[in-house]
Each structure stands twice: as structure tokens, then as C-alpha cells.
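What follows is a short report on a single structure.
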Amino acid sequence: MYYLLPFRFERFEDSELLVNEVGDYLFCPQGTAARIVNREISKDEELYHDLLANFFISPTPIPPTIDILAARLRTKKAFLDSFTALHIFVLTLRCNQNCVYCQATSQQECAHGKDMKLPDLLKAVELMFRSPSEHLTMEFQGGEPSLVPHLIRAAIEKAEALNQTAHKTLTYVLCTNSVHLTDEVLTLCKQFNILISTSLDGPRNLHNSNRGKIDSYEKVVAGIALARQTLGEDKVSALMTTSVPALDYPKEIVDAYRENGFRSIFIRALNPYGLATENNDWEAYTTRFIEFYKQMLDYIIEINKSGELFVEEFTRLILQKILTPFPIGFVDLQSPAGIVNSVVVYNYDGGVYASDESRMLAEAGDYTFRLGNISDTYESLFYGEKAQHFADCWATETIAGCSDCALQSYCGADPVRNYSTQGSMYGHRPTSLLCRKYKAIIEHILSLLKNRNEEVMPIFTQWIKGRNA
Ligand code: SF4
């Protein structure tokens, strides 16, 4: 006789995948879940001991090791301990590029009334310091925030002054296209140890056609080189956005990153906001993106097998969820969702939004995820009716489809995406393209662990090792 602990399962290739509450997984013969539930697993079977050791079953109604299970669950959800840690400041909507996939509805560089007002900025920094989090990340976004270095400086100087008494750990990140990294901007970055998060879309032709400029590639590459030279190699990272034309070039994009001295890439799908909404076939895009991801990951595995360390960052995040007990601090793969719990956005116009995507919706005239105004109180913004309303559907543990999904421990909830693509924050998993994408990617990684374990495990272990030391 044994007792059941919470676990979920699904048919997986020729076997069955079982995943427990803290993300431990087992591949078993098909029909195993039914045998477990019908109490047919005998103590003589090796499986019995695997299930016992991995918190799938217990010899007593309350497992003797319940405290260990509780501690592991608490660790997985530790991102909730400190509440909102990532504070995004949209300093301007103006930009000096013209990206075809722009999700932020950026405006011409010369546009008026699109910069954040200084009093709003200073008030937003004060709001940030009301967060109970011991670690605060200030991320400067746009538009192109390097166009307003005086606002970056004002925000940081205010934060440093408040931190004289608050004693928090502050991290500064400048999200920039690297085209306008002037002496003034780089001096500021050096003075305050600001990290540069930039973007490179791949080889020259692809990058330039994505940016709507004929000389963007040269400028971005030169900006990245200058930033590295001034600030140090480790202070510059890059993201790529998979535009529709990019789907044909998985290997070329990886090679462009390698040629430009990057040791990693973060594969990011297009999101349906801003100009990217003009992509008119999201179903086809999602199918092609999944194939693109698999091809790119396969190529990256081959690169690593040849002895060159090169990391795909999204895969690494999911591997951390599968193979380690730690939370990953990535707002898109959280439950409860990243909105409000981990991230908040202070917009150039004084609005406070639940996430970056929320303010992008607002640019299209939809203010559903606007928490209020920078002049409102911290309590009304972070604990008010809007935030409480979002909480009804921001946990995978409670929403239909996710609540019994075997991949739940590795995935995350996204009420904003559900709302923007399906018209309801709650969403509908069977028809959700986001669900389809996450499911395909997580299952692909699990399939690699199942079928090519000896080949990929040394590589994947190396990818996650440094992050959890
Ligand atoms: S979004 Fe899809 S893959 Fe993720 S937990 Fe929910 S049902 Fe599972």
C-alpha cells in the first residue's frame, strides 16, 4: 500500500512522462500512471523505489520527508519572496532605427512629447524603492533610451541617493540598439556599472532589412565593439528577434553571433504587439518558429560538441527549471506570472503598467493592463483592484489546461498574451499559440534528454553550471 503525492503525466513518444510538483521527471512505460493510481506498483519493482525517492508516492499519508518536499517547493517559488524586482523605465518613445518588427510602437527621433518628464521619472524611482525586494534592477528602455542620457543620469543619481539609506543591491541595464553609444552614454555606463543589453538580428543583409536601414549592421557591430572595449566583454549581451525572413537562416544567425564575439544567443519569437501585429499568419509563423528553434538548437549542440562553448539562453532557462531546484528569474516562465509580481513598467507618459507588453498594448489604445499613474500610491498600484483582478488567472496551477499539464513546472502563465491574442486574460490552452510554442520547445528539450542523454547532458550541464554556482 502507498499514498499518492501530486504529479502530472502525459504520453511522450513511446513512453509516459511523469512530473511531480517540484519538477522531477521520470520516463516510464505507457500505462504507468494508471498502475500507480490503481496501487499496482509492487515494492519488488525498481519503479516503486524511483517513485518513492522522487516524491511521486509516499508510504504514509504524510510523507516522512514532507519538509524536504516543502523546502524544494519554497525554493522553486523563491522569486515571490521579494516581490517586484525588475523596474522598467520607458524613458522615451523616440528611436533612431525603423525596425520592421518593432513591438514598442516607437516614434521618429525628432518626435515631440515622447520623452518622460523629469518629475515623473523621479517619482517613479521613489515608487521603485517602496518594493520590498532587496535587489532592484532598473532597466532603461524606449524607443531608444540612449537618446536621453540626461534622464538615465537623473534616474540613477536619484536611486543612488535613496539607496544611501535603503541599502539595496542595484543593477542598471540599458536596452539599446547600440547605434548611439556616444562618449556621454558610455561614460555614464562606466561610472554606474550599467550593463548593455543590445540586439543583433544575424548576418548583415538580414539585420539591415529587419532594421529598415542600409547601414544598421555596421553601426550596431561598431557600437558593440566600442561598448566592450570601454566597459568590458562581460557587460554586453545581445538578444535576437526572429522576424519572418529570419526563419530561413538559423545557422547563419548563430554564425553571425559567433563572428561578432558572442558566446551565447537568446532566440526570441516575434510577439504580437506594435508593428509585429502586421504579421498576418501567426499560426504559420509559430509552426515555422518551432522548426527554426529545433534547427538552431541542433546546430548549437554540434558547435558545442566540437569543443566551442556556445549557449542558447532560452534553452538554458528551461534546463534550469528541469534539472535544478532553483527559480530562474525569467518573467515569461513564471507562475504566478511575472506581471506585477516580478516586473512593472513606468511609461514615458506617466502611466504604470503590469509589464512591457502591457504598455505596448496601451500604445494601440488598450489600457487594460494599466495599473494607474506614477502619481498614485504604491499600495493602489501594486495591491489595487487591477492587480487583484489579474491574480484571478495568473497561475498555471489554477487555470484550465495548465493545471493538469505535465509540463506545468517548466512553463509559465501569461494573462497579457492570452488577452491580446485570445481576447481573455484566462485564455484557452487548446487554441493558444503560446501554449503550442512552449509545449513544443519543452518537449523537444525533454526528448533530447531522453534520447540523446549521453551526448547532450555534458553540454547542458556546462550551460547551467555557472548560473547556479
Ligand atoms: S501553457 Fe501549455 S504547455 Fe504551458 S503549462 Fe499551460 S498547458 Fe502546459
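Computed over heavy atoms, backbone and side chain alike; hydrogens, waters and symmetry mates excluded. Counting convention: from 1, in listed order, for ligands and their atoms alike.
Residues Y217 and N260 are in side-chain contact: their nearest non-hydrogen atoms beyond the backbone lie under 4.5 Å apart.
The closest donor-acceptor contact from the side chain of N347 to the backbone of G350 lies at 3.5 Å or more, if one exists at all.
Remark: minimum distance from atom 5 (S) of ligand 1 to any protein heavy atom is reached at C411 CB, 3.6 Å. Of the protein's non-hydrogen atoms, the one nearest atom 7 (S) of ligand 1 is R429 CG, 3.4 Å. Scanning all protein heavy atoms for the shortest distance to atom 2 (Fe) of ligand 1 gives C435 SG, 2.3 Å. The protein heavy atom nearest to atom 8 (Fe) of ligand 1 is C405 SG, 2.4 Å. Looking from atom 6 (Fe) of ligand 1 to the surrounding protein, the closest heavy atom is C402 SG, 2.3 Å.
Side-chain contact of S447 with N451: a donor-acceptor pair under 3.5 Å is present, judged by distance alone. No hydrogens or angles considered: nothing links the side chains of Y2 and S58 as a donor-acceptor pair under 3.5 Å.
Checked against a 6.0 Å centroid threshold, the rings of F369 and Y419 count as neighbours.
Proximity to G401 (heavy-atom distance under 4.0 Å) selects the following atoms of ligand 1: 7 (S). Within ligand 1, counting atoms from 1 as listed, the ones closer than 4.0 Å to a heavy atom of Q408 are 5 (S).
A salt bridge does not link E291 to R288: none of the charged nitrogens lies less than 4.0 Å from a carboxylate oxygen.
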